[in-house]
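Letters A, B, ... are given to chains in the order of the sequence lines, protein chains preceding strands, and every chain is numbered from 1. Computation of the quantities below employed the complete heavy-atom set of this structure, encompassing side-chain atoms and omitting hydrogens, waters and symmetry-equivalent molecules.
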Number of protein chains: 2
Amino acid sequence: MPAPRGHAPSMRDVAQRAGVSHQTVSRVVNDSPNIRSDTRERVLQAIEELGYRPNGLARALAHGRSRRIGLLMESSSHYGPMNMLRGVEIAARRAGYAATTFGVTSPDEFEEGIDFLRDQRVDALAIIAPRAQSLESLARVTLPPACVLVGSMPPDAGGSGPIESLPRVGVDQALGARLAVQHLIASGHRTIAHLAGPADWFDAQVRRHEWLRTLESAGLEAGPTVEGDWRPQSGYDATEALLAIPGVTAVFAANDQMALGLIHGLSDRGLAIPGDLSVVGFDDIPESAHFRPPLTTVHQDFQAVGEAAVDLLLQRLGEASHGTPQQIVPELVVRASTASPGHGPSGAGGTPAAEAPGVR
Amino acid sequence: MPAPRGHAPSMRDVAQRAGVSHQTVSRVVNDSPNIRSDTRERVLQAIEELGYRPNGLARALAHGRSRRIGLLMESSSHYGPMNMLRGVEIAARRAGYAATTFGVTSPDEFEEGIDFLRDQRVDALAIIAPRAQSLESLARVTLPPACVLVGSMPPDAGGSGPIESLPRVGVDQALGARLAVQHLIASGHRTIAHLAGPADWFDAQVRRHEWLRTLESAGLEAGPTVEGDWRPQSGYDATEALLAIPGVTAVFAANDQMALGLIHGLSDRGLAIPGDLSVVGFDDIPESAHFRPPLTTVHQDFQAVGEAAVDLLLQRLGEASHGTPQQIVPELVVRASTASPGHGPSGAGGTPAAEAPGVR
DNA sequence: CGGCTCAATGTTAACGGTCACATTGACGGT
DNA sequence: ACCGTCAATGTGACCGTTAACATTGAGCCG
């Protein structure tokens with residue numbers, strides 16, 4: 001243990017101790033070639049003795065790259081965003097980058113967040129902006145050249161402004177929604193309601209849109225949608241409205257939490273799941289396998305999204321890329337909350353639809 | 001919009017444009033007094049025109065403080081750690097600090113994480129280390145002067161090594177466990193089992209320890225504990241073992257997720273909750289209010305923990321402190337998963353204990 | 001009216017690295 | 001013996017700030 005003097009030892013301290021120039025120390029630290037091995041040894045020993053550690057700040061300033069990426073997230077403590085955050089951070093570090101996080105709680109802070117991170121001189125920026133409103137403020141600021149939108153895929157990818165042309169990575173929401181609804185259709189349901197997420201969320205938009213499209217292309221009619229706020233309570237509160245839809249036998253909930261609330265609401269009314277109503281969720285949160293009944297849902301691999309995002313950023317920064325795809329494929333997880341209509345103990349208001357093909 | 005030249009404009013560019021020295025620009029940027037107001041105006045205008053933003057890196061290097069705090073977390077995607085992370089980050093930013101995160105997945109990486117963050121020259125370090133093993137590696141590294149352990153409160157706060165003397169903030173786990181068990185005792189339960197978390201987690205240790213102590217001081221006997229891994233599945237798997245405990249009428253689960261799995265396991269066996277078995281959880285995750293039945297549990301305010309942690313760090317850094325307490329008080333949330341033994345529809349293996357005082 | 005004070009500004013040196021270029025020898029070919 | 005080449009190392013400037021000290025000039029007082 002070296003007696004820590006006034007300050008942390010610098011490269012010059014090491015150089016002096018090893019009897020070389022600071023530049024040679026730099027070379028050793030950065031493994032450059034053309035160092036005689038005994039010199040290297042001497043320097044390494046001095047480093048060891050002094051407990052020297054290179055100063056990342058100074059290095060960043062001189063080198064022009066901070067090896068840090070900024071992570072701007074419209075926070076909320078929702079399962080999806082949270083896990084993407086984690087995914088990005090881990091993937092970034094694996095590539096040798098530190099992640100500096102800025103969690104905003106309202107879209108107004110977005111602009112501030114970008115400025116903040118730019119002032120921090122992050123090399124790249126990953127933006128987790130699940131709501132449309134958040135992106136609007138992006139138009140007003142200068143974005144760093146390496147920038148990705150993580151998990152904000154609007155249904156209409158049109159337009160060509162500076163924002164629309166930003167690269168995006170995320171789970172293929174449309175596919176996920178299609179899987180969910182098709183599963184219900186294949187089970188024989190003909191009136192499938194949708195318990196939607198807040199309309200200003202991209203994911204909610206896509207899931208709703210694709211629910212509609214899938215029903216239409218199967219020749220089925222789509223009733224009204226009930227809108228929740230992602231939280232379980234809003235699913236619970238939606239129960240009445242959903243049951244009021246004539247002939248409804250299944251509900252596609254935009255996330256697992258609302259599905260949980262709905263299940264709660266249904267069971268409070270003595271209705272059986274999937275006997276009286278089939279329910280499909282979205283996200284596959286760790287709890288959903290143990291709901292009563294276990295929830296059929298759409299699994300999303302957020303870790304993979306994080307990796308894809310970082311990979312794309314590295315590519316932009318001119319580093320090696322693994323060529324990860326930008327659209328992560330979701331998977332349908334069939335559990336016990338779905339069945340053919342009319343199947344099961346009770347039988348409330350279900351259209352006696354044609355018997356469906358098996359539920360695998 | 002200024003045409004962005006080769007590089008981002010620096011203080012000298014602004015100085016030249018405003019016809020002053022770079023130092024004057026620095027003064028304007030940092031609001032120092034003794035600037036003639038017309039000079040200030042001129043500088044501000046130059047800043048505006050050039051789109052100048054101060055370089056945080058350079059500032060940090062020169063000033064010796066980076067205004068960033070490091071956030072080392074043994075990641076896992078568990079509810080508690082995740083939310084503390086969020087809490088700390090938000091509180092930090094509110095104090096003008098950026099947070100640089102380092103999520104480790106195994107205790108081995110802890111040391112690397114500290115070095116990494118120290119190299120990044122963070123001013124302070126918040127460590128979220130929920131397992132005992134993680135802390136061991138802390139003994140081998142030099143910690144920055146401002147350092148807090150967030151949410152790692154071992155039951156035996158003894159010892160006085162460099163680690164034991166680190167300041168800690170967190171939710172009062174012992175109190176939380178006591179509230180849960182006392183609630184069951186007050187409801188008339190006399191054989192209260194414990195579904196514990198992994199033994200190497202601090203929180204699991206304290207909750208188990210306090211469960212034991214509370215039973216003892218009430219003159220009740222504590223049976224064996226069943227150990228899970230926090231996940232719902234482990235709660236489900238524990239069902240059999242818990243039911244095998246003679247006379248058991250209630251279970252104190254160490255977290256909500258395992259409680260959920262247990263509820264699932266019980267209902268699979270046709271047992272009613274709380275009729276046949278009362279269940280109490282811990283954490284109050286957003287879902288637990290909508291379990292079937294809604295879960296009685298212990299609520300923890302992680303946001304408050306984050307704030308307390310940052311407050312403590314600021315204090316260490318010599319900045320103003322709000323004097324936040326270091327132990328956050330948890331709250332018992334009584335829902336429908338607990339009742340007096342023998343109450344409810346069914347009545348499996350319950351000791352016909354004395355009728356209990358009401359459940360609030 | 002000389003000298004003092006003090007506000008307003010400029011000058012120079014850090015901070016701790018990297019980069020571009022200069023300087024040394026040793027070696028090999030002719 | 002001479003020169004070019006190249007590996008190994010040293011030198012000085014620079015990255016964009018802040019800190020410490022120097023300089024200027026105006027206002028005030030005796």
Side-chain angles (χ1 to χ4, degrees), chain A residues 4-44 46-47 50-68 96 98 118-123, chain B residues 4-44 46-47 50-68 96 98 118-123:
Chain A
R5 304 168 322 136
H7 278 324
S10 80
M11 210 160 234
R12 264 124 181 143
D13 297 325
V14 176
Q16 186 171 8
R17 176 157 197 131
V20 295
S21 77
H22 62 110
Q23 184 58 245
T24 302
V25 177
S26 171
R27 291 193 176 100
V28 171
V29 169
N30 297 307
D31 300 308
S32 50
N34 302 348
I35 296 273
R36 238 178 26 224
S37 59
D38 63 322
T39 313
R40 186 198 315 281
E41 280 317 311
R42 210 145 28 93
V43 171
L44 284 177
I47 287 179
L50 263 54
Y52 166 78
R53 308 240 63 197
N55 183 328
L57 249 39
R59 198 201 293 256
L61 179 60
H63 191 266
R65 295 209 157 177
S66 61
R67 291 201 76 83
R68 286 189 300 155
R118 284 215 314 152
D119 293 356
Q120 289 278 329
R121 291 305 193 266
V122 295
D123 292 336
Chain B
R5 304 169 321 139
H7 278 324
S10 80
M11 211 160 234
R12 265 141 180 129
D13 297 326
V14 176
Q16 187 172 7
R17 176 155 196 133
V20 296
S21 78
H22 63 110
Q23 185 58 247
T24 301
V25 177
S26 171
R27 291 194 176 99
V28 170
V29 168
N30 297 308
D31 300 309
S32 51
N34 302 348
I35 296 271
R36 236 176 31 221
S37 59
D38 63 322
T39 313
R40 186 197 315 281
E41 280 318 311
R42 208 147 27 96
V43 171
L44 286 176
I47 287 178
L50 263 53
Y52 166 78
R53 306 241 65 196
N55 183 328
L57 250 38
R59 198 202 293 256
L61 179 61
H63 190 266
R65 294 209 156 177
S66 61
R67 288 201 79 80
R68 285 189 300 156
R118 284 215 314 151
D119 293 356
Q120 289 278 328
R121 293 302 194 269
V122 295
D123 292 337

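When the nucleotides C/dG17, D/dG16, C/dT18 are ranked by their closest atom to the side chain of B/Ser10, D/dG16 comes out on top.
Residues that satisfy the side-chain hydrogen bond (donor to acceptor under 3.5 Å, both in side chains) test with A/Arg121, not counting sequence neighbours, are absent from this structure. Contacts of A/Asp123 classified as side-chain hydrogen bond (donor to acceptor under 3.5 Å, both in side chains), with partners at least two apart in sequence or in another chain: A/Ser66. For B/Arg36, the side-chain hydrogen bond (donor to acceptor under 3.5 Å, both in side chains) partners are B/Asp38, not counting sequence neighbours. For A/Arg40, there are no side-chain hydrogen bond (donor to acceptor under 3.5 Å, both in side chains) partners at least two apart in sequence or on another chain. Under the side-chain contact (heavy atoms from CB on, under 4.5 Å) criterion, A/Asn34 pairs with no residue at all, not counting sequence neighbours. With sequence neighbours excluded, the residues that form a side-chain contact (heavy atoms from CB on, under 4.5 Å) with B/Ser32 are B/Arg27.
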Under 3.5 Å donor-acceptor pairs involving side-chain atoms of residues 55-64 of chain B, not counting sequence neighbours:
unit_1	atom_1	unit_2	atom_2	d
B/Asn55	OD1	B/Leu57	N	2.8
B/Asn55	OD1	B/Ala58	N	3.2
B/Arg59	NH1	B/Asn30	OD1	3.0

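Rounded to an integer number of Å, the gap from CZ of B/Arg59 to P of C/dG16 is 18 Å. Taking atom CE on A/Met11 and atom C1' on C/dC15, their separation rounds to 14 Å, with Å as the unit. Distance CD (B/Gln16) to P (C/dG10): 13 Å, rounded to an integer number of Å. Taking atom CG of residue B/Asp119 and atom P of nucleotide C/dG16, one finds them 14 Å apart after rounding to whole Å. Across the protein-nucleic acid pair, B/His7 atom NE2 and D/dG16 atom P stand 7 Å apart, rounded to whole Å.
Between A/Val28 and A/Thr39, every side-chain heavy-atom pair lies at or beyond the 4.5 Å cut-off.
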Per-nucleotide protein contact string for nucleotides 4-15 of chain D (B base, S sugar-phosphate only, - none; heavy atom under 4.0 Å): ----SBBBB--B
Using a cut-off of under 3.5 Å, enumerate the N/O to N/O pairs linking the protein to nucleotides 24-27 of chain D.
none

